Amino acid sequence: MQRFYLIVGHVGRLELLVPQGARLVQLRIKDEPEAEVRRQVARARDFCAVHGAQLVVNDHWQIALDLNCTFVHLGQEDMAQADFAALNRAGVRYGLSTHDDAELDRALSHDPAYVALGPVYPTLLKKMTWGPQGLDRVSRWKQRAGKTPLVAIGGLTPERPPGVFAAGADSAAVVTDIQQAPDPEARCRLLATACA
């Protein structure tokens, strides 16, 4: 599992930032027509293949299957709709979001490639039902997850990866800190180094 996990909302941003050191990148497209999602996923798949990066398609598992992508990320709501048997038959790996004990149990029952816990710190990305989870919960989640890799997400800045890794996380997912930076490319390099 790559220690630095970049999350972007558009293929153009993916193409800008993957060359800055991101080898694991999630394309999280919200509120776009299906044709546009397909266009961006196909472009991201090809770009990542050329640059030796692993693309993770957020939510759109059927499109990922159709376009021969190898990795998806599913939130709790998406898990209810997803065809895990079809994903498994196609050899598609999946990461699953978790926020509480019941969600973690449900996620682990699917034998995921990773589980994500968040938000670890306060986040500006979206309104969250859950408050900051904190490093103690990261440690507890890692104990419960065992050999399943744990991704920490939410409020991560260049100063915070050492703490989440010390607490037991295997990977640090970054969204807002890079997207809102005056120089996203430099910020991506800084975070890639901080996670290395």
Side-chain angles (χ1 to χ4, degrees), residues 1-8 22-28 53-61 64 69-178 191-192 194-196:
M1 181 95 199
Q2 294 287 323
R3 286 166 65 89
F4 175 48
Y5 189 170
L6 175 66
I7 301 178
V8 297
R23 291 292 161 262
L24 178 63
V25 59
Q26 182 184 128
L27 183 58
R28 178 192 278 172
Q54 174 64 63
L55 172 66
V56 180
V57 178
N58 180 271
D59 294 352
H60 302 284
W61 61 270
C69 296
T70 59
F71 215 131
V72 298
H73 178 89
L74 301 171
Q76 287 288 314
E77 306 78 23
D78 307 297
M79 286 171 60
Q81 323 297 316
D83 185 342
F84 283 99
L87 292 170
N88 289 329
R89 277 194 306 275
V92 176
R93 294 180 296 158
Y94 39 85
L96 304 173
S97 291
T98 65
H99 308 90
D100 62 31
D101 290 296
E103 290 183 358
L104 180 59
D105 288 340
R106 181 177 174 212
L108 290 172
S109 75
H110 288 286
D111 192 26
Y114 69 78
V115 291
L117 172 67
V120 176
Y121 297 99
T123 179
L124 303 171
L125 179 64
K126 57 185 176 180
K127 286 197 180 289
M128 299 290 284
T129 306
W130 295 269
Q133 303 276 5
L135 295 178
D136 288 344
R137 179 155 291 186
V138 171
S139 295
R140 194 159 64 83
W141 243 233
K142 185 56 187 172
Q143 286 176 343
R144 293 199 49 216
K147 292 182 180 177
T148 302
L150 174 63
V151 174
I153 184 171
L156 292 176
T157 62
E159 301 75 34
R160 290 176 169 163
V164 297
F165 293 136
D170 298 285
S171 185
V174 184
V175 191
T176 309
D177 189 75
I178 292 173
L191 273 147
C195 291

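As the structure is a prediction and not an experimental result, all values here were calculated from the model.
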**Request:** Test Tyr94 against Asn88 for side chain to side chain donor-acceptor pair (under 3.5 Å), laying out the working first.
**Result:** CA-CA 9 Å; Tyr94 39 85; Asn88 289 329; 3.1 Å; yes
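When all heavy atoms are compared, the tightest approach of Leu117 to Val120 is O-CG2, 3.7 Å. Among all heavy-atom pairs drawn from Ser97 and His73, the shortest one is OG-NE2, 2.7 Å. Closest approach of Leu55 to Cys69, counting heavy atoms only: CD2-SG, 4.3 Å. The two residues Phe71 and Ala113 make their nearest non-hydrogen contact at CZ-CB, 3.6 Å. Minimum interatomic distance between Asp177 and Leu156 (heavy atoms only, all atoms of both residues): CB-O, 3.3 Å. Between Ala53 and Ala22, the shortest heavy-atom distance links the atoms CB-O, 3.9 Å.
Using a 4.5 Å heavy-atom cutoff, the side chains of Arg23 and Leu6 are not in contact. Counting only heavy atoms from C-beta outward, the side chains of Asn58 and Ile7 never approach each other to under 4.5 Å. At a threshold of 4.5 Å between non-hydrogen side-chain atoms, the residues Tyr5 and Val56 count as touching. Counting heavy atoms from C-beta on, the side chains of Asp136 and Trp141 never come closer than 4.5 Å. Within the 4.5 Å cutoff, no side-chain heavy atoms of Asp100 are placed close to those of Gln76. For the pair Glu77/Asp59, no side-chain contact is recorded, criterion being any heavy-atom separation below 4.5 Å from C-beta on. A 4.5 Å side-chain heavy-atom check between Met79 and Glu103 finds every atom pair outside the cut-off. Taking 4.5 Å as the limit, every side-chain heavy atom of Leu27 sits out of range of all side-chain heavy atoms of His60.
The structure places CG of Leu150 at 10.5 Å from CZ of Phe165, a figure rounded to the nearest 0.5 Å. One finds the CG atom of Leu135 at 9.0 Å from the CZ atom of Arg160 (value rounded to the nearest 0.5 Å). The CG atom of Leu87 lies 11.5 Å from the OG1 atom of Thr70; values are rounded to the nearest 0.5 Å. Note that the OH atom of Tyr121 and the CD atom of Glu159 stand 10.0 Å from one another [nearest 0.5 Å]. Atom CG of residue Leu104 and atom CZ of residue Arg144 lie 4.5 Å apart, to the nearest 0.5 angstrom.
The main-chain N or O of Ala167 is found under 3.5 Å from a side-chain atom of Ser139 such that the two form a donor-acceptor pair. Of the possible donor and acceptor atoms, none in the side chain of Tyr114 sits under 3.5 Å from a partner among the backbone N and O of Ser171. In this structure, Gln133 contributes its side chain and His99 its backbone to a donor-acceptor pair below 3.5 Å. Panel note: side chain Lys142, backbone Thr148; a donor-acceptor pair is recorded below 3.5 Å.
For the pairing with Leu96, the side-chain contact (heavy atoms from CB on, under 4.5 Å) check across Asp78, Leu74, Val72 returns one residue only, Leu74.
Aromatic ring orientation, His110 versus Phe84: parallel (interplanar angle below 30°, classes split at 30° and 60°).
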